[in-house]
Amino acid sequence: MPDRLDVRKTYKLYIGGAFPRSESGRTVTIDAADGTFLANAARASRKDVRDAVVAARKAFGGWSTRTAYNRGQILYRVAELLEGRRDQFTAEVRHSGLGAQAAGREVDAAVDRWVWYAGWTDKIAQVEGASNPVAGPYFNFSVPEPTGVVAIVAPATPSLLGLVSVLAPVLATGSTAVVVASEPHPLPAVTLTEVLATSDVPGGVVNLLTGHVDELAPVLAAHADVDAMDLTGIDGDATELEQAAAGNVKRVLRPPAGPVDWEADPGVERLRAFVETKTVWHPVGV
Amino acid sequence: MTTLHPAIETLPEPGGGEAALRGFLHGLPGVDQVGAEARAAGLATRSIKRESKLWALELAVRMTDLTTLEGADTPGKVRALCAKARRPDPSDPDVPPVAAVCVYPDLVPIAVAALAGSGVHVASVATAFPSGRASLAVKLADVADAVAAGASEIDMVIDRGAFLSGRYGQVGEEIAAVKAACRDARLKVILETGELATLDNVRRASWLAMTHGADFIKTSTGKVSPASTLPVILVMLEAVRDFHDATARAVGVKAAGGIRVAKDAIRYLVVVHETAGAAWLDPDRFRFGASSLLNDLLMQRRKQLTGVYAGPDHFTLD
Amino acid sequence: MPEPTWTYAPAPESRDVVTLRSAYGLFVDGAFTDPTDGGSFKTVNPATEEVLAEVAQAGPADVDRAVAAARRAHTEVWGPMPGRERAKYLYRIARILAERAREFAVLETLDNGKPIRESRDVDVPMASAHFFHYAGWADKLEHAGFGAEPRPLGVAGQVIPWNFPLLMAAWKLAPALATGNTCVLKPAETTPLSALLLAEVLQQADLPPGVVNIIPGAGDTGATLVAHPDLDKVAFTGSTEVGKAIQRQLAGTRVRLTLELGGKAANVVFADAPIDQAVEGIVNGIFFNQGHVCCAGSRLLVQESVVDAVLDTLKRRLGTLRLGDPLDKNTDIGAINSAEQLARITALVEAGEGEGAQRWSVACELPEHGYWFPPTLFTDVSQSHRIAREEIFGPVLSVLTFRTPDEAIAKANNTPYGLSAGVWTEKGSRILWMAQRLRAGVVWANTFNRFDPASPFGGYQESGFGREGGRHGLAPYLRSPDLRSPDA
């Protein structure tokens, strides 16, 4: 027997800046790769999805209209806090079956990935926007604007780097997110929400659901107040989800065609996936 | 003598027709929202110190229209407020009384009796406050009732619906009619800037009210959000300044709603001083419509005098 | 009841946040050192003429040492370092600058004479923001539109002016470092202190030695630096006269050059302008930083139908400006940076009076000590007057009039400069029409003197070439593949 019994954490959902249990009262058992019991995480229901989408929609107005520079500072602050919890994340990432070194590397990569996207907030418009030389007395320019509420199915692994890689670009361009965490390894995701809650990211900008992807993803895909969906974490055929997404013409990022090198330079694809290009015409004359 | 901007060289006459009035109001120079907000924010960083701060805090007390406009108001509540108005800080007779007590018309007699001999004005909202949705006859009766009961200041609301749909003549005629019904009472015209939506509209409504007899132009009823803001007050003060240049008549400004702490009140006074000038630092030309502000002014005043931060329990809640 | 008074009693910012050393060395290879063959000079507070510190001046051997340190750091450390890691250093610098913001603001005001309100609200936060912005570019250069493999130039020699000492250092260093270059920076002789305090920040950030070297000195130090044979890049901000000399000097070399020089910006006010904001913009355009701004709106062009109303409103507004102790939080107009600059302003103003323009100055009391000039405007100015053509670099506004948009364009463009311009009108299409025709690197519409790390800044014509800020600000520090010489 140890001299002191450790105090365990209850792994809850993150919706609208608060940490509720699932309204359904259900949990899922989370085990480490070696079968050791870790936690009873919340098993979100369709009503939790509904609440999460409402929270994300409510937060969109404020988040999307902050200056890009301000969003960058807030996201960079998140990276600072992630770094401060390096040991905790490393321990949780190890449960997905990694050795200490590999887990540490994944956490480092996740922090660097967050920094990379924090820097994009006030740059994406200079790379993706344009002034368009139309043939006439008009000034014409195009700017990327955030799509809105983005539902994200995070990849099962890598449990932290995968999540950061799909979440950060959505936040950087000004959308808000409802995330379905890695089903087998959701604990780093829950800890990430604790980081977000103590950063300056407003409540509702990120909402995290844990539980069964099969149960949650179809509800999100069909939800008429979700503007876009990232299916990166769907393992296998996503046809039905894509069909459901067509109900309100969601922008869909399909599951990757093959294995993803999560440590490689991610490029701007994920930033481009969830923005709308707006073009403005204005006459030029006295 | 300041050269007038061409837009305000000729002012519209009340009753001079809808077209002339519209031409005038839409000919006023525009207000650039970003620039006006930047100017207001810049002024908000000014700090005043020591004796000036004490003077400013007491000035703000003297400028306060202590207000209660609730459906639950009673004679008892109004009497308590009047006692506070006469002597805001019972422990310190040096604190001056406030400018006025502002109540609904049916409670005017109570306030008149309670404030007799104090020099504190009795102001009453009228004209179907706060929405203004009543016929002109009803509005005028409302005003006459309050004036007959002894109100020396009338706070009217403009018809925002008419204003926003461009029926400026109708709004102007109502103001002029209410002004006539006020007799000797001072007329404050509430623009309800939170519903006017743009600073261009705030400027137009200010000129519309001033050219039709307003003695004061007032931001808000306090029932609509946003109530008074610094950029709105800035634009209104620019309007009274320019109107004074054009006519030599001084119109007052009342900031109502949303001003709860002394720090904010002093920011307003900075904007008053820098925009309309020192002559407007006078209860006859600037007012705060507020209730909870008063106690914070008293607390900060005591802090100035004693050097120690005061606590809310040492000031009366009324 | 006290007498009715409304005065802004002195509200001075405390000097305690700054610890001034009596002497400052050169910052070379990561450490403060004494000069080998340079000397030293005194830097004074222009508001009081108090000597603030004795500052080392770099001689030719010191310049050599600094360039050698930068070369070594570039070859061994900074050049090969992944952009991701460079980014983290720049983020650190941005954060430390923000953490020590008040200290920098007070020091900048002491050394430069600018109002604390400006150093606190503009110079220092913008400097931090500039590092923050370029930190984010350091790991994204392949996505910035300069080819697949953009590479740094090498060692940059950078010479900056005294009007925004810290901010100009940030404008020079941040993009250079983000792109993988190393730097030798020479601050202006009258304002070296904030750059030297920045050196302390670089130390706190653990920036590798030699990546940034800071060598104070006067014009000859700058001349030695830009002529150094081991530079790959020279970036200069300052007068057009010196800029031309540098361009001549670098002729025939492979050294890349960018210049940000003088200006004589037109601020064009149409009759339909939002008048109260236009007046604020005119004030901000020429009296911000005592007019020590290369992009200052020093030529006011007002449409004739409103000129009297605009001028009267402007004069009334100028009457509310507060000139005095720059450390006072309520001060609008601080001190002129140096006796030399004050003499130049005075001479040009006298020339304006001599040529027949009508002078009007704010009637304000000038402090007994220090260098001061009251906010001044000239009417009855014609295009041929010196005050309409030469950069005064002081709080002096020349007012001209126009009748039509074409005339406004003709007068606005009738200058060898071309840094900035302003347009005030409620009509959007006219703004764009004017912007299309104004020969200026920055056109402000219904605002003036706005700066942002994401926004490119730089001039046309004799106001220089190259842009600082945003994606465009990377270009002057990158060797794109198609222009790479065979041996590079």
Side-chain angles (χ1 to χ4, degrees), chain B residues 1-9 27-43 45-59 61-62 94-96 199-200 203 234-235 237-239 241-242 245 266 269-270 272-275 277-282, chain C residues 1-13 115-118 120-122 269-281 283-284 303-317 319-322 328-332 424-427 444-450:
Chain B
M1 183 64 198
T2 306
T3 312
L4 298 178
H5 190 282
I8 57 169
E9 276 171 2
L28 291 169
V31 185
D32 183 73
Q33 182 197 351
V34 175
E37 288 175 352
R39 171 70 175 147
L43 288 172
T45 67
R46 296 230 179 232
S47 58
I48 63 166
K49 297 279 176 195
R50 295 188 277 278
E51 300 81 14
S52 285
K53 187 161 187 179
L54 189 60
W55 183 76
L57 290 167
E58 292 184 0
L59 176 64
V61 171
R62 291 192 288 128
D94 287 343
V95 177
L199 293 176
D200 285 323
R203 172 168 287 176
L234 173 73
V235 170
L237 285 161
E238 287 166 357
R241 176 199 65 199
D242 295 344
D245 284 346
I266 286 179
L269 295 181
V270 169
V272 173
H273 181 263
E274 300 294 315
T275 308
W280 263 260
L281 291 176
D282 185 306
Chain C
M1 173 80 31
E3 279 303 295
T5 55
W6 182 269
T7 49
Y8 298 97
E13 184 61 66
I116 185 76
R117 193 164 53 82
E118 292 178 8
R120 180 195 66 197
D121 297 345
V122 182
V269 179
F270 283 91
D272 70 343
I275 208 73
D276 291 295
Q277 288 72 50
V279 167
E280 287 307 314
V283 172
N284 180 45
Q303 200 155 22
E304 275 185 15
S305 56
V306 290
V307 66
D308 292 336
V310 167
L311 285 180
D312 280 2
T313 314
L314 177 62
K315 286 175 183 172
R316 174 156 62 185
R317 173 71 177 87
T320 69
L321 288 175
R322 300 173 53 79
D328 192 315
K329 293 173 220 170
N330 292 324
T331 292
D332 298 308
W424 297 83
T425 168
E426 288 267 278
K427 194 170 176 187
W444 285 293
N446 292 336
T447 189
F448 210 94
N449 272 344
R450 295 285 151 208

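Numbered from 1 within each chain, the chains take letters A, B, ... in sequence-line order.
Heavy atoms of B:D242 lying under 4.5 Å from chain C belong exclusively to its side chain. With a 4.5 angstrom heavy-atom cutoff, B:H5 touches chain C via backbone and side-chain atoms both. In this structure, chain B has a heavy atom under 4.5 Å from the backbone of C:A271, while its side chain stays farther away. Proximity to chain C (any heavy atom under 4.5 Å) is restricted, for B:R39, to the side chain, taken from C-beta onward. For C:T447, no part lies under 4.5 angstrom from a heavy atom of chain B. The parts of C:N446 that come within reach of chain B are both its backbone and its side chain, each placing non-hydrogen atoms under 4.5 angstrom from that chain. With a 4.5 Å cut-off on non-hydrogen atoms, B:A36 touches chain C through its backbone and its side chain both. Looking at B:L269, the atoms closer than 4.5 Å to chain C (heavy atoms on both sides) sit in the backbone and in the side chain alike. For B:V270, the parts lying under 4.5 angstrom from a heavy atom of chain C are both the backbone and the side chain.
Between chain C and the residues B:S47, B:G35, B:A278, the largest count of heavy-atom pairs under 4.5 Å involves B:S47. Of the listed residues (B:D282, B:L4, B:D245, B:V235), the one with the most heavy-atom contacts under 4.5 Å to chain C is B:D245. Between chain B and the residues C:K315, C:K329, C:R316, C:E426, the largest count of heavy-atom pairs under 4.5 Å involves C:R316. For the set C:V310, C:V306, C:D276, the count of heavy-atom pairs under 4.5 angstrom toward chain B peaks at C:D276.
Smallest separation of non-hydrogen atoms from C:A273 and C:V269: CB-CG1, 3.9 Å. Heavy atoms only, all atoms of each residue included: C:Q277 and B:V31 are closest at OE1-CA, 3.5 Å. For the pair B:A7 and B:G27, the tightest heavy-atom approach, listed with the atom from each and the gap, is CB-O, 3.2 Å. Of all the heavy atoms in C:L314 and C:V283, the pair that sits closest is CD1-CG2, 3.8 Å. Taking each heavy atom of B:L43 and B:T275 in turn, the nearest pair found is CD1-OG1, 4.5 Å. Taking every heavy atom of both residues into account, B:A40 and B:L234 meet most closely at N-CD2, 4.2 Å.
Between B:V95 and B:E58 there is no side-chain heavy-atom pair separated by less than 4.5 Å. Residues B:P29 and B:R203 form a side-chain contact, since some pair of their non-hydrogen atoms from C-beta on lies under 4.5 Å apart.
A side-chain donor-acceptor contact under 3.5 Å links C:N449 to the backbone of C:N284.
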